[in-house]
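FYI, side chains are in, hydrogens and waters are out, and symmetry mates aren't considered; it's all heavy atoms of this structure. Residue numbers start from 1 in every chain, and the chains themselves are labelled A, B, ... in the order their sequence lines are given, proteins ahead of strands.
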There are 2 protein chains.
Amino acid sequence: MGTRTGTGTGETTGRQQPRLPLSRERVLRAAVDLADRDGLEAVTMRRLAQDLGVEAMSLYHHVANKGAILDGLIEVVLEEIAEAADRAEAPPAGQDWQAALRARILAARQVLLRHRWAPRLLEERAALNPRLIGYFEGLLGILRAGGFSWDLAHHALHALGSRAIGFAQELFTPDDRDAAYDEATEMIAQMAERLPNLTGMLAEVMHNDPDSTLGWCDDQFEFEFGLDLLLDGLERRRAAGGPVRPRRS
Amino acid sequence: MGTRTGTGTGETTGRQQPRLPLSRERVLRAAVDLADRDGLEAVTMRRLAQDLGVEAMSLYHHVANKGAILDGLIEVVLEEIAEAADRAEAPPAGQDWQAALRARILAARQVLLRHRWAPRLLEERAALNPRLIGYFEGLLGILRAGGFSWDLAHHALHALGSRAIGFAQELFTPDDRDAAYDEATEMIAQMAERLPNLTGMLAEVMHNDPDSTLGWCDDQFEFEFGLDLLLDGLERRRAAGGPVRPRRS
DNA sequence: ACCTGAACACCGTTCAAGT
DNA sequence: ACCTGAACACCGTTCAAGT
């Protein structure tokens with residue numbers, strides 16, 4: 001579609017350099033650029049190689065396969081989100097939990113707007129990514145500091161779900177729910193000292209409901225909880241009357 | 001993966017029948033079954049043909065191409081949603097808008113849970129589908145009957161967004177926003193008599209903001225509006241204290 | 001150690017040919 | 001009218017070969 005030189009050193013369009021060597025980092029940077037430009041379906045081994053001025057097979061010396069590239073893309077985005085969320089200025093978390101959460105979520109959104117392909121990828125293959133779990137650990141910490149019970153904080157994470165990270169509906173929809181919950185439980189247990197909030201929440205939720213050691217979330221309940229939050233809030237604004245905002249922001 | 005006979009009449013596994021002829025309907029039914037069973041990426045022309053006991057090329061006599069099959073899948077799901085939403089028993093809309101909306105949205109959710117592949121497909125290529133627009137027209141009618149201003153009803157649709165139909169974030173994220181909004185505006189105008197609520201909303205929103213004849217939604221504002229609904233609601237439940245629910249439903 | 005060309009099993013699709 | 005086989009331009013990936 002776009003113009004294409006077809007030869008040369010690809011992204012480094014300067015004069016003939018000694019051909020700087022390929023690396024995992026260069027491959028991932030090119031993949032991010034390609035996905036930002038032309039979407040995720042444009043990220044093929046052959047096109048990526050073309051952008052790098054190299055043959056498709058050369059990529060396999062720096063990444064195991066295409067799946068590793070997709071996982072690398074996830075890593076890049078989650079790093080950007082973590083960085084943006086940490087930079088987001090907000091009150092010291094203990095003071096105003098709403099402002100703290102709001103700032104972090106809006107910062108994450110800015111990253112996702114730069115990488116439109118990211119939500120789908122995160123939904124498809126990031127459920128157990130430690131960095132993503134760490135992000136939710138941070139949100140949970142803010143809720144706890146704001147006075148939330150473990151129970152309510154748990155439901156709050158579900159309700160915020162798609163807004164907190166930009167993907168849809170059920171927060172996680174793995175192929176094998178029970179296995180995925182098992183893996184998540186184990187991962188949190190192994191990182192207990194670094195994930196105090198998630199560990200505490202998990203203990204509470206499983207204590208409240210000893211039957212369901214597997215699958216400790218009731219998706220239908222969580223869906224209705226989030227839906228009712230919205231419906232109640234809308235009813236309140238309706239009853240209050242008046243315009244939603246004076247001018248377009 | 002699964003067992004596969006490789007020959008015979010496919011889904012009609014009875015004895016040698018006179019080979020009932022292919023049709024668009026049979027192709028779509030087989031495609032829905034295949035997607036339900038093995039996911040959307042399993043829906044290839046060759047595998048679909050295999051399930052139907054036919055060669056891949058035969059499919060092209062009943063559908064224009066693969067895109068037409070995907071659009072057909074969308075049509076099937078939206079029909080099921082419309083049917084389920086209409087069947088959902090609820091108060092006569094004028095009485096209790098929350099119950100009416102809730103019933104329709106939960107009915108839609110049941111359909112989407114049967115077809116896990118549907119949200120992605122809807123998000124990718126159903127933005128301008130008349131049946132989907134008709135579904136939102138119905139939701140908007142409930143809000144209006146419940147006493148919502150056009151303005152607040154508009155924001156309510158955005159806030160419910162992903163929950164109302166099961167897909168994410170921005171409600172619609174077409175490649176070319178302005179062109180898509182243009183098309184949507186035109187489509188609503190052409191169907192004005194069948195879409196009184198959307199027509200009314202559109203007139204109001206464009207009157208309030210005459211600058212933006214194109215792109216009549218401010219995504220950032222809508223995101224924050226929905227986010228704040230959730231944050232306010234969570235704060236209210238937190239302040240109220242007590243468990244969220246006595247037992248697991 | 002790093003890169004490559006040919007090849008394989010998959011895609012969607014076209015086209016000329018069969019009944 | 002309906003179905004098919006061969007072929008084309010794409011995929012991801014393997015493997016033996018080049019430097």
> Taking 4.0 angstrom as the limit, do B:Arg47 and B:Asp38 come out as a salt bridge?
Replying inline: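 Salt bridge present between B:Arg47 and B:Asp38.
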
Its dot-bracket string being built from Watson-Crick and G-U pairs below 3.5 Å, with | for another strand and [ ] for crossing, DNA chain D has the pattern ||.|||||...|||||.||

>> OP1 or OP2 of C:dC2 versus the side-chain N and O atoms of A:Ser58: is any pair under 4.0 Å?
In response: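 Result: no.
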
Any side-chain N or O of A:His62 less than 4.0 Å from the OP1 or OP2 oxygen of C:dC3?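 Indeed, a polar side-chain atom of A:His62 lies that close.
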
Considering only distance and modelled atom types, tabulate donor-acceptor pairs under 3.5 Å from the side chains of residues 55-62 of chain A, sequence neighbours left out.
{"unit_1": "A:Ser58", "atom_1": "OG", "unit_2": "A:Glu55", "atom_2": "O", "d": "3.3"}
{"unit_1": "A:His62", "atom_1": "NE2", "unit_2": "A:Leu22", "atom_2": "O", "d": "3.3"}

Margin query: I'd like to check the salt bridge (Lys or Arg N to Asp or Glu O under 4.0 Å) partners of B:Glu83; sequence neighbours left out, ordered by chain and number.
Written below: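 For B:Glu83 the salt bridge (Lys or Arg N to Asp or Glu O under 4.0 Å) partners, ignoring immediate neighbours, are B:Arg87.
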
Requested in this report: Could you tell me which residues satisfy salt bridge (Lys or Arg N to Asp or Glu O under 4.0 Å) with A:Arg114, sequence neighbours excluded, listed by chain and number?
Outcome: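 Counting only residues at least two positions away or on another chain, A:Arg114 forms a salt bridge (Lys or Arg N to Asp or Glu O under 4.0 Å) with A:Glu80.
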
message: For B:Arg125, give me all partners under side chain to side chain contact (heavy atoms under 4.5 Å, CB included), at least two apart in sequence or on another chain.
response: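 Once residues adjacent in sequence are excluded, the partners of B:Arg125 under the side chain to side chain contact (heavy atoms under 4.5 Å, CB included) criterion are B:Leu70, B:Asp71, B:Ile74, B:Leu121.
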
Pairing residues for A:Ala85 by the side chain to side chain contact (heavy atoms under 4.5 Å, CB included) criterion, not counting sequence neighbours: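 A:Ala85: side chain to side chain contact (heavy atoms under 4.5 Å, CB included) contacts with A:Arg104, A:Tyr135.
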
In whole Å, I'd like the distance from the [atom1] atom of [X] to the [atom2] atom of [N].
{"X": "B:Leu59", "N": "D:dC3", "atom1": "CG", "atom2": "P", "result": "9 Å"}
{"X": "B:Leu48", "N": "D:dC3", "atom1": "CG", "atom2": "P", "result": "13 Å"}
{"X": "B:Leu52", "N": "D:dC3", "atom1": "CG", "atom2": "P", "result": "10 Å"}
{"X": "A:Glu55", "N": "C:dT4", "atom1": "CD", "atom2": "P", "result": "5 Å"}

- Results of side chain to side chain donor-acceptor pair (under 3.5 Å) for B:Arg131 - residues two or more places apart only: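 For B:Arg131, the residues satisfying side chain to side chain donor-acceptor pair (under 3.5 Å) (neighbours in sequence not counted) are B:Glu75.
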
A:Asn65: what forms a side chain to side chain donor-acceptor pair (under 3.5 Å) with it, not counting sequence neighbours?
->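 Per chain and number, A:Asn65 pairs via side chain to side chain donor-acceptor pair (under 3.5 Å) with no residue.
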
In 5'-to-3' order, the base (B), backbone-only (S) or no-contact (-) status of each nucleotide in nucleotides 6-19 of chain C, using a 4.0 angstrom heavy-atom cut-off, is BB---BBBB-----

